[in-house]
Structures are given as structure tokens and as C-alpha cells.
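In the text below, chain A, chain B and the rest are named by the order of the sequence lines, each starting its count at 1. Note that the structure is predicted; figures quoted are calculated from it, not measured.
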Amino acid sequence: MMSASSSDRERVQTIVDLLDDRYGKIDWWNAPPDEVMVGAILTQQTRWENVECAVDRLREAGLLSIPAIAAASPERLEEAVRCTGFYRVKTRRLVALAEFVVHRFGSTGAMDLMESDELRQALLSVRGVGEETADSILCYGFSRNAFVIDAYTRRICACAGITGTDAMLRALFEGALLGQNERYRLTHAHIVEYAKEFCSRKRCEECSIRSFNG
DNA sequence: GACCAGGTCCTTG
DNA sequence: CAAGGACATGGT
């Protein structure tokens, strides 16, 4: 058991190990870069099942690529992504990102030539791309070592008695993941799965991570 | 019918 | 900087 004086670093390592034991290798958000960028926007404040609905609709409409989105009418995009909610603002964000990629890089492939830090800054300059969205794109779309901090991560960390800014949490997890993209992907996936399983009114008390706190 | 979901932006104090 | 609201559909 963790002692009351265990450091944040130790607690994070314990969480990472506990989740790895529980879920192990899982296939999670394995998709081409264009699809990850689209999904990263659409999943904002939205359940993943609804994102899949929109992704299917976009695919059927031939709009599941950055060039296609950059050239599409807002009306067609809105119709396809309506099932994810916030469909007007998400359409604007998709178009902003697609136009940014096309104008600044020409293609998705050219983006991959950039250093991670610069690519992150570039993504953050797009209206509608915040830190979580940018890191999701980096981690899952471009296999970079960017750890995604989301609401679930904050909640689980808070339960474990770990407090701090997103930047601090990100540094803590990145310190535990040994610079391997596969571990970055898996750990964030594990956190989401665990949170969906235990961070509900009903099952919060069964969550063993609470006991790490003091 | 209330409440929440893998955020982000904008406005106020 | 912290807090509060807007954005909107779909599931419990």
C-alpha cells in the first residue's frame, strides 16, 4: 500500500502499473492521421459512440479526409456531424483545422516532418484546437510522445490525492512512460476505460485508486 | 425531465 | 488567473 507520504511521482507510477495490469494491451484509436484529427475535434465534450456515428456519416459522404473537409460546404459537414452535438462550432473547427493543414503544410504527410514541440504549437494556433485535442492528435495521429490530459485524468489524479496544473500532471505521466509512444497511447486509453468503469456515482466507492490518497 | 459526455473560447471580476 | 456561460445532440 502507498503511504501517506508517497510522492506524486510514486502515485502516478502506481496508477500506471495498476491500469496496465488491469487492461494490458488494448487496441484503442488506431486510425490514419486525418481520421484522428477529425475524431479529436468531434469527441470534445461528447461520447465516443456519437463520434463514431459522425465518422461513419463523413466516410459515406466522402468527407473523412482533410482535403475533402477543406473543400466541403458547411451544410454538408453540419449534417454529417450533427449527432455529436455542438455541430455548428465543430464544423467551424473542422474547417479551420483542415484549411490550416492544407494552407500551411499542403498535406498531412508534410506535418509529420515537424518536431513535436513545433507541431504542438502549430496545432494550438488553430481555433478550436486546445491542449487535449492537440496532444490527442500528436499521440494518436502522429505517434508522438505527448500525453493527453483530459477530464478523466484530472478526476483520477484528484482521487489519488495528486493535485497540480495540467502541465504538471503531463510531466508526471511522461516521467513514468519511458518515452515510448505505445505506452503513452495505452495509458491514456486505460485511464478512459477505468474512469468509464469506476468514476460514476454508483461505482466510485469501488475504485481502488481512492486509497492512494493519504 | 434532469444530468452528463474523452473541450474550447469568450467575457467578466 | 478563476469563474461562468455558450455551444447541442444523445443516452441513462
Rounded distance (Å) that lies between atom [atom2] of [N] and atom [atom1] of [X]:
X	N	atom1	atom2	result
A/Glu78	C/dC7	CD	C1'	12 Å
A/Leu42	C/dT9	CG	P	15 Å
A/Leu124	B/dT8	CG	C1'	11 Å
A/Ile41	B/dT8	CD1	P	8 Å
A/Asn50	C/dC7	CG	P	19 Å
A/Arg92	B/dC10	CZ	P	10 Å
A/Glu132	B/dC9	CD	C1'	15 Å
A/Arg47	B/dG7	CZ	P	11 Å

- Minimum-distance nucleotide to A/Gln45 side chain [options: B/dG7, C/dT9, C/dG10]: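 Of B/dG7, C/dT9, C/dG10, B/dG7 is nearest to the side chain of A/Gln45.
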
- Query: Counting side-chain heavy atoms from CB outward, which of B/dA5, B/dT8, C/dG10 is closest to A/Cys83?
  - Reply: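 So the nucleotide nearest the side chain must be C/dG10.
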
- Message: Between A/Arg11 and A/Ala160 (side chain of the first, backbone of the second, donor and acceptor by atom type, cut-off under 3.5 Å), is there such a pair?
- Response: yes

- Query: Taking the P atom of each, how far is C/dG10 from B/dT8, in whole Å?
  - Reply: 22 Å

- Using the P atom as the reference point in each nucleotide, state the distance between B/dC4 and C/dG5 in Å, no decimals.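 Here B/dC4 and C/dG5 have their P atoms 15 Å from each other.
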
- Query: Any side-chain donor-acceptor pair under 3.5 Å between A/Tyr140 and A/Glu35?
  - Reply: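 Absent: no donor and acceptor within the cut-off.
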
- Query: Do A/Arg185 and A/Ser143 have side-chain N/O donor and acceptor atoms under 3.5 Å apart?
  - Reply: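 A/Ser143 and A/Arg185 do have a side-chain donor-acceptor pair below 3.5 Å.
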
- Task: Any chance you could lay out the side-chain contact (heavy atoms from CB on, under 4.5 Å) test for A/His188 and A/Tyr184, step after step, and finish with the verdict?
- Result: CA-CA 6 Å; A/His188 174 65; A/Tyr184 280 65; over 6 Å; no

Is the phosphate of [N], meaning OP1 or OP2, less than 4.0 Å from a side-chain N or O of [X]?
X	N	result
A/Thr133	B/dT8	yes
A/Arg155	B/dA5	yes
A/Arg88	C/dA8	yes
A/Arg127	B/dC10	yes
A/Gln44	B/dG7	no

- Message: On DNA chain B, compare the nucleotides closest to A/Glu49 and A/Val129; which residue's is nearer the 5' end?
- Response: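 Taking each residue's closest nucleotide, the earlier one in sequence belongs to A/Glu49.
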
- Start at the 5' end of DNA chain B and walk down; is the nucleotide closest to A/Thr43 or to A/Gly128 reached first? A/Thr43

- Quick one: stems involving DNA chain B, counted as three or more successive Watson-Crick or G-U pairs, both distances short of 3.5 Å. B:2-5 with C:9-12, B:7-13 with C:1-7

- Message: Just to be sure I understand the rule, does A/Val126 reach a base, reach only the sugar-phosphate, or reach nothing, if contact means heavy atoms closer than 4.0 Å?
- Response: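 Sugar-phosphate: the residue A/Val126, judged by heavy atoms under 4.0 Å, touches backbone atoms but no base.
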
- Message: Over all strands shown, is A/Arg82 touching base, sugar-phosphate only, or nothing at heavy-atom distances under 4.0 angstrom?
- Response: sugar-phosphate

- Item | Ring geometry between A/Phe173 and A/Phe147 (parallel below 30°, tilted from 30 to 60°, perpendicular above 60°) |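 A/Phe147 vs A/Phe173 ring planes: parallel.
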
State whether [X] and [Y] are salt-bridged, where the test is any N-O pair (Lys NZ or Arg NE/NH1/NH2 against Asp/Glu carboxylate O) under 4.0 Å.
X	Y	value
A/Asp117	A/Arg120	no
A/Asp20	A/Lys25	no
A/Arg154	A/Asp166	yes

All N/O contacts under 3.5 Å from nucleotides 1-3 of chain B to the protein, with atom names and distances to one decimal?
none

- Query: Is there a path of hydrophobic side-chain contacts, each under 4.5 Å between heavy atoms of I, L, V, M, F, W or Y residues, that connects A/Trp28 with A/Ile15?
  - Reply: yes

- Can a cation-pi geometry be assigned to A/Arg82 and A/Tyr87, taking NZ or CZ under 6.0 Å from the six-membered ring centre and within 45° of the ring axis? yes

- Query: Within a strict 4.5 Å, meaning less than it, do heavy atoms of the A/Leu177 and A/Glu174 side chains meet?
  - Reply: no

